[in-house]
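Single-structure report; data block below.
Sequence lines set the chain letters: A, B, ... in the order given, protein chains first and strands last, and positions in each chain run from 1.
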Amino acid sequence: MSLKLYNTLSRKKELFKPINPEKVGMYVCGPTVYDHAHIGNARPIIVFDVLYRLLRYLYGEAHVTYVRNITDVDDKINARAAQEGVSIGEITARTIKQFHEDIKALGVLPPDKEPRATEHIEGMIAMIKTLIERGHAYEADGHVLFSVSSDQSYGCLSNRSPDEMRAGARVDVASYKKDPMDFVLWKPSPQEARGGGGAGGKQTSLPGWDSPWGYGRPGWHIECSVMSEKYLGKTFDIHGGGADLIFPHHENEIAQSTCAHGNAVMAKYFVHNGYLQVEGEKMSKSLGNFITIHDLLKTEKFGGRKWPGDVLRLVMLKTHYRQPIDWTTKALEQAYGELYGWKEKILSLKVSFQEGNRDYYSGFPPAKTVIDHLKNDLNTAGAIAELHKLAKADDISDGHSLFATLNFLGLASFDSMARFETYQEGTTIIDDQDINVGRVEELIDNRNAAREARDWNEADRIRDELDAMGIVLKDGPERTTWEIKR
RNA sequence: GGCCACGUGGCGGAGUGGUGACGCAGCGGACUGCAAAUCCGUAUACCCCAGUUCGAUUCUGGGCGUGGCCUCCA
């Protein structure tokens with residue numbers, strides 16, 4: 001059992017001990033839905049999906065609850081709606097749909113709960129009330145602010161003291177704050193915006209809800225404190241997200257939750273994934289290297305081609321989740337070769353993905369060596385090394401094991417393998433490519449006729465023609481197979 | 001300026017106080033009309049300095065380098 005996880009709270013790898021092994025809870029901060037999710041957003045989605053799968057394996061599927069929220073009230077959303085001249089609801093609905101399509105291709109399991117901020121406004125108001133009653137928050141100039149000085153342990157997660165942060169502050173402080181560190185729990189929306197996004201009414205620039213402090217909207221952090229309590233309880237096991245959320249988001253969540261709950265610990269383990277860069281540079285719109293999941297899957301913007309979702313996933317898993325990762329074309333190409341090499345190996349071992357085999361393979365356990373690596377703070381790179389070892393095997397049960405392990409890691413499914421098998425002849429993915437299969441096979445027939453006649457010039461000419469189409473041939477002992485050039 | 005993370009062979013990337021993971025590329029060989037694929041074999045590393053130690057890439061200190069965070073709204 002002994003799962004070890006690096007806990008940001010202690011900055012150490014710790015033995016994971018669930019509060020209740022019958023009910024393991026994990027909360028992960030999901031996307032703010034104002035634009036396509038970018039590849040940096042994909043990292044926590046994939047990392048925590050692996051952790052979710054591992055927890056389900058260790059504690060049983062029925063005993064793990066994974067909550068990943070959707071932030072659908074945020075000023076970035078408001079700005080986007082105003083910019084496009086459409087309603088806030090239109091922006092969020094469109095973005096959520098796109099998000100789900102994108103991450104489905106990444107092989108992630110749906111979380112057990114996917115709560116939305118706008119559906120929990122009442123809970124937020126209630127928690128803010130409690131914080132005011134307990135002297136942890138105050139109303140000022142239409143805002144409600146959390147009083148950082150009222151929380152003795154503020155800074156425990158990000159390991160900084162409020163004093164240091166005050167000294168280092170570089171931003172002008174709003175005049176209504178008692179302390180520069182105080183952060184917003186509730187802020188006013190203009191009355192003329194009434195009927196806006198929050199209530200789903202006419203198009204306006206700002207959403208709002210009635211509250212004891214007037215018409216307004218919640219600050220960013222309060223939603224996670226409220227929703228995690230609602231679905232997982234006051235104290236739960238794992239809280240995850242990107243390292244960029246450590247401060248201020250998670251720090252503020254902890255402050256809100258512990259103060260609202262009479263000092264109960266919010267989450268026992270805080271787990272954070274590292275940053276992602278693109279070709280050695282920080283990803284930013286101004287640098288022009290901003291890359292979305294959708295761009296990678298469906299366009300040729302990155303590396304001049306489309307990339308299969310399982311390849312994107314493997315690239316993420318090849319680097320340990322806490323390490324920085326550099327997103328490069330080269331890394332994608334290499335992962336492509338590795339992943340499809342494994343898949344070809346599985347088929348070469350005569351593992352068949354005909355419908356009747358589905359149940360048999362689904363019951364095949366993942367390799368223990370891989371599980372062992374994952375139990376060591378999600379050492380996916382070590383796990384992948386084990387996959388390479390498995391792939392050296394040469395009997396069918398090893399093929400089953402390799403498939404089961406890839407399946408466990410979300411890198412192959414029965415359906416994707418069945419599709420792959422149908423196109424066997426060595427093809428990789430045809431799905432997203434515009435390949436005229438009939439034409440390809442016709443040319444191959446012509447070439448083989450030329451080879452039969454020992455007309456090597458013509459045979460080579462046809463191979464060059466196919467090469468120009470992006471097709472690579474392999475002359476086997478029985479027949480000629482082909483695949484899309486990688 | 002404060003805080004944090006990271007620095008391994010041509011590239012990616014684990015790990016460890018003492019037998020130099022793993023993959024890709026490279027090189028040699030088998031196979032092949034030629035290729036591709038596949039198979040076998042193989043060289044190359046632990047940012048710098050000092051300390052602890054019988055011994056450090058692994059621990060400690062310093063330096064250098066890279067990246068990140070330093071409060072909603074702007």
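In this structure, A/Gln277 places its CD atom 11 Å from P of B/C69, rounding to the nearest Å. One atom, NE2 of A/His272, and another, C1' of B/A5, lie 13 Å apart when rounded to the nearest Å. Here B/G13 presents its P atom at 11 Å from CD1 of A/Ile384, a figure rounded to the nearest Å.
A/Arg447 comes within 4.0 angstrom of a base, heavy atoms only. Contact annotation for A/Asp475: base contact, defined as any heavy-atom pair under 4.0 Å involving a base atom. Note on A/His320: only backbone sugar-phosphate atoms sit closer than 4.0 angstrom, heavy atoms only; bases stay farther off.
Pair assignment for B/C46: none, as no Watson-Crick or G-U wobble contacts are both less than 3.5 Å. With a cut-off of 3.5 Å on both Watson-Crick or G-U wobble distances, the partner of B/C11 is given as B/G23.
For A/Thr405 and A/Asn407, the side-chain atoms include no donor-acceptor pair closer than 3.5 Å. One side chain, A/Asn376 or A/Lys13, offers a donor N or O that lies under 3.5 Å from an acceptor on the other.
At a cut-off of 3.5 angstrom, the base of B/C4 holds no donor-acceptor pair with the side chain of A/Arg11. Checked by distance alone, A/Tyr176 brings a side-chain donor or acceptor within 3.5 Å of a matching partner on the base of B/C72. For a distance-only test at 3.5 Å, the side chain of A/Asp460 qualifies as a donor-acceptor partner of the base of B/G33. Put simply, the side chain of A/Gln334 and the base of B/G12 share no donor and acceptor less than 3.5 Å apart.
At a threshold of 4.0 Å, the pair A/Lys343-A/Asp310 counts as salt-bridged, since one of the basic side-chain nitrogens sits closer than that to a carboxylate oxygen.
Between A/His136 and A/Phe146, the ring-plane angle classifies as parallel under the 30° and 60° cut-offs.
In this structure, A/Lys177 does not reach the B/C73 phosphate: none of its side-chain N or O atoms is under 4.0 Å from OP1 or OP2.
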